[in-house]
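Here's the structure, in structure tokens; my notes come after.
Naming: A, B, ... by sequence-line order, numbering from 1 per chain. Note that the structure is a prediction, hence the values are computed from the model and not measured.
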There are 2 protein chains.
Amino acid sequence: MNIKLKNKYDARVKIIKAMAHSTRLFIIDELSKKEKCVCELQKMIGDDFSTVSKHLTILKNAGLVLSNKRSNQVFYKIDASCANKIICCADNIIKTKLKKESKIAGIKISN
Amino acid sequence: MNIKLKNKYDARVKIIKAMAHSTRLFIIDELSKKEKCVCELQKMIGDDFSTVSKHLTILKNAGLVLSNKRSNQVFYKIDASCANKIICCADNIIKTKLKKESKIAGIKISN
DNA sequence: TGACAATTTGGTAAAATTACCATATAATGT
DNA sequence: ACATTATATGGTAATTTTACCAAATTGTCA
């Protein structure tokens with residue numbers, strides 16, 4: 001693979017890797033609804049503050065969220081609405097796979 | 001986070017993680033064009049046969065590709081056209097980020 | 001049947017990711 | 001200035017991922 005092509009894939013990987021964690025997918029879902037401070041997210045997630053902060057940094061570096069400091073709190077919000085599309089695509093793949101598997105097992109699944 | 005919600009995110013993570021590798025993104029691109037055997041992909045990628053085979057297994061388990069054995073070769077093809085949409089979304093995010101960064105630097109970028 | 005080609009699987013060392021703790025930084029209120 | 005609150009950063013052990021080699025499996029062909 002040539003360098004240019006490799007770089008293209010690496011850039012894509014960075015975005016996709018940023019989403020490849022259940023906590024970060026949760027954060028994306030929550031921030032899609034409404035901007036939130038680290039504090040609020042930490043309460044919902046239950047992990048250590050530093051862990052949540054690091055997840056947010058990863059999302060920010062990937063260009064998926066934006067941060068905004070107000071007083072002594074940092075508020076995060078979704079930057080790329082496209083993130084939701086990616087999740088939606090993943091859900092479609094999951095549904096398709098499930099349907100196929102249930103077809104094999106002879107079970108019907110509701111939409 | 002409750003169990004049910006955690007499971008939902010884990011299912012999504014499985015799909016997204018399957019795509020979170022430059023070699024696997026390359027494979028998705030190639031298989032989107034045309035079905036190919038492991039042999040052909042291995043030649044293009046240059047990694048060990050076993051490495052390529054393992055990447056294909058990951059994609060298959062995630063429901064992104066299908067395999068079909070003919071004679072002593074295994075042909076793989078894209079199962080979820082949605083995978084391309086995910087890549088497209090990633091590209092949009094990359095482009096947006098690049099535009100924003102060049103705006104800051106005062107450089108114009110063509111579409 | 002035996003040799004060969006294509007692919008997968010098992011084992012393993014190296015690299016990357018993750019989560020916690022401790023510490024640092026920044027803003028606010030006393 | 002000092003204590004407090006909110007967040008980020010550095011260090012590190014545990015876990016996961018990756019890539020290679022060797023060996024097993026499957027199908028073809030002589």
Next item on the list: Sequence neighbours left out, what pairs pass salt bridge (charged side-chain N to carboxylate O under 4.0 Å, His left out) with at least one residue falling in residues 10-21 of chain A?
Entry: A:Lys6-A:Asp10, A:Arg12-B:Asp29, A:Arg12-B:Asp91

Margin query: Within the 4.0 Å limit for protein heavy atoms, which parts of nucleotides 22-30 of chain D are touched? Write it as a string from 5' to 3', B for base, S for sugar-phosphate only, - for none.
Written below: B---SSS--

Checklist line | B:Ser32 (side chain) donor-acceptor with B:Ile28 (main chain) under 3.5 angstrom | finding: yes

Check: Do A:Leu31 and A:Leu41 come within less than 4.5 Å of each other through their side chains, counting heavy atoms only?
Finding: yes

Notebook entry, point to check: Below 4.0 angstrom, N of the basic side chain to O of the carboxylate: do A:Glu30 and A:Lys33 qualify?
Noted result: yes

Note to self: Base, sugar-phosphate or nothing for A:Tyr76? Non-hydrogen atoms, less than 4.0 Å.
What the structure shows: sugar-phosphate

Next item on the list: Figure out the CZ/P separation between B:Phe26 and D:dT18, and round it to whole Å.
Entry: 17 Å

Polar atom pairs (N or O), protein with nucleotides 11-13 of chain D, under 3.5 Å:
{"residue": "D:dG11", "atom": "O6", "partner": "A:Lys54", "partner atom": "NZ", "Å": "2.8"}

Next item on the list: Report the distance from atom CG of B:Asn68 to atom C1' of C:dA6, rounded to the nearest whole Å.
Entry: 15 Å

Next item on the list: Could you tell me the separation between the CD atom of A:Gln42 and the P atom of D:dA8, rounded to a whole number of Å?
Entry: 12 Å

Margin query: Heavy atoms from C-beta onward define the side chain here; which of C:dT7, D:dT7, C:dC20 lies closest to that of B:Val74?
Written below: C:dT7

Next item on the list: Using a 4.5 Å cut-off on heavy atoms from C-beta on, say whether the side chain of A:His55 contacts that of A:His21.
Entry: yes

Margin query: Using a 3.5 Å distance criterion without hydrogens, assess whether the side chain of A:Lys36 forms a donor-acceptor pair with backbone atoms of A:Tyr76.
Written below: no

Check: In whole Å, what is the span from the NE2 atom of A:His21 to the P atom of D:dT15?
Finding: 14 Å

Margin query: I need the CD-C1' distance between B:Gln73 and C:dA6, as an integer number of Å.
Written below: 7 Å

Next item on the list: Measure from the side-chain heavy atoms of B:Cys39 and tell me the nearest of C:dT18, D:dT7, C:dT7.
Entry: C:dT7

Next item on the list: May I ask you to decide if the ring planes of A:Tyr9 and B:Phe26 are parallel, tilted or perpendicular, using 30° and 60° as cut-offs?
Entry: perpendicular

Note to self: Taking B:Phe49's backbone N and O only, do any of them form a donor-acceptor pair with B:Ser53's side chain (distance below 3.5 Å, no angle check)?
What the structure shows: no

Notebook entry, point to check: OP1 or OP2 of D:dA19 sitting under 4.0 Å from any side-chain N/O of B:His55?
Noted result: yes

Check: To the nearest Å, how far apart are A:Phe75 CZ and C:dA27 P?
Finding: 15 Å

Next item on the list: Could you state the atom-to-atom distance from CD of A:Glu40 to C1' of D:dT5 in whole Å?
Entry: 15 Å

Checklist line | Ion pair B:Arg70/B:Glu35, N-O distance below 4.0 Å | finding: yes

Next item on the list: Check for a donor-acceptor pair, side chain of A:Gln42 on one end and backbone N or O of A:Asp47 on the other, with a separation under 3.5 Å.
Entry: yes

Check: Side chain of B:Lys17: nearest nucleotide among D:dT17, D:dA6, C:dT7?
Finding: D:dT17

Check: With respect to the phosphate group of D:dA8, does any side-chain polar atom (N or O) of A:Ser53 fall under 4.0 Å of OP1 or OP2?
Finding: yes

Check: Rounded to the Å, how far apart are B:Asp47 CG and D:dT17 C1'?
Finding: 14 Å

Notebook entry, point to check: Taking the nucleotide of DNA chain C with the closest heavy atom to each, which residue, B:Ser67 or A:Ile58, is nearer the 5' end?
Noted result: B:Ser67

